[in-house]
Amino acid sequence: MRLSHLAIMTIATMALAEPALAISRYNSTALTCDQVRQRVINERAVILRYPSTRVKGMTLYDRYVTRSAMCDPHEYAERAYVPTRDTNRCPVLNCKDYDPETRRFGFGKPVIRF
């Protein structure tokens with residue numbers, strides 16, 4: 001009886017466990033703006049790395065998404081810009097904290113299109 005209980009617990013644990021989803025990482029300055037945007041669209045979320053313009057030798061990175069649904073519940077997707085091979089300001093979206101108290105109208109999270 002003990003062996004069957006262990007088997008049931010193992011199967012239940014495996015069924016309830018979510019698979020670990022890997023997120024792709026890209027160097028944004030090695031890609032064109034269109035390539036960066038297409039990778040974000042295809043994968044729904046990616047990490048982009050790029051050199052800092054303020055601190056020499058420092059690499060900056062963040063997670064970029066296609067829409068607010070890809071963010072945590074307390075965040076929303078907001079327009080951001082990353083440097084790419086062909087431009088210094090490629091438009092993308094990244095997650096920002098959402099605080100309804102600081103919103104002027106307080107009617108929910110803003111919706112920004114990719």
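Note that the structure is a prediction, hence the values are computed from the model and not measured. Index from 1, following the sequence.
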Item to check | R49 to Y26, cation-pi by 6.0 Å centre distance and 45° axis angle | outcome: no

Does [X] reach the side chain of [Y], with side-chain heavy atoms less than 4.5 Å apart?
| X | Y | result |
| --- | --- | --- |
| D97 | H74 | yes |
| I23 | R63 | yes |
| P91 | R79 | yes |
| E78 | Y76 | yes |
| V65 | C95 | yes |
| R85 | C33 | no |
| P83 | R89 | no |
| L31 | R39 | yes |

Item to check | Closest approach of V92 to Y64 (non-hydrogen atoms, all atoms of both residues) | outcome: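 Closest pair (atom of V92, atom of Y64, distance): CG2-CD2, 3.4 Å.
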
Checklist outcome for this item: Closest non-hydrogen atoms of V36 and L48, given as atom of the first, atom of the second and distance, are CG1-CD1, 3.6 Å

Item to check | T32 and D34 side chains, donor-acceptor separation under 3.5 Å | outcome: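 Distance-only check fails for D34 and T32.
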
Donor-acceptor check, side chain of [X] to backbone of [Y], threshold 3.5 angstrom: yes or no?
| X | Y | answer |
| --- | --- | --- |
| D62 | N94 | no |
| E75 | D72 | yes |
| T87 | C90 | no |

Next on the checklist: Assess the residue pair L93 and T66 against the criterion (side chain to side chain contact (heavy atoms under 4.5 Å, CB included)); give the C-alpha distance rounded to whole Å, side-chain angles, the decisive distance to 0.1 Å, and a yes or no.
Outcome noted: CA-CA 6 Å; L93 299 176; T66 55; 5.9 Å; no

Item to check | Approximate separation, where rounding is to 0.5 Å, of S52 OG and L60 CG | outcome: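 CG of L60 is found 4.5 Å from OG of S52.
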
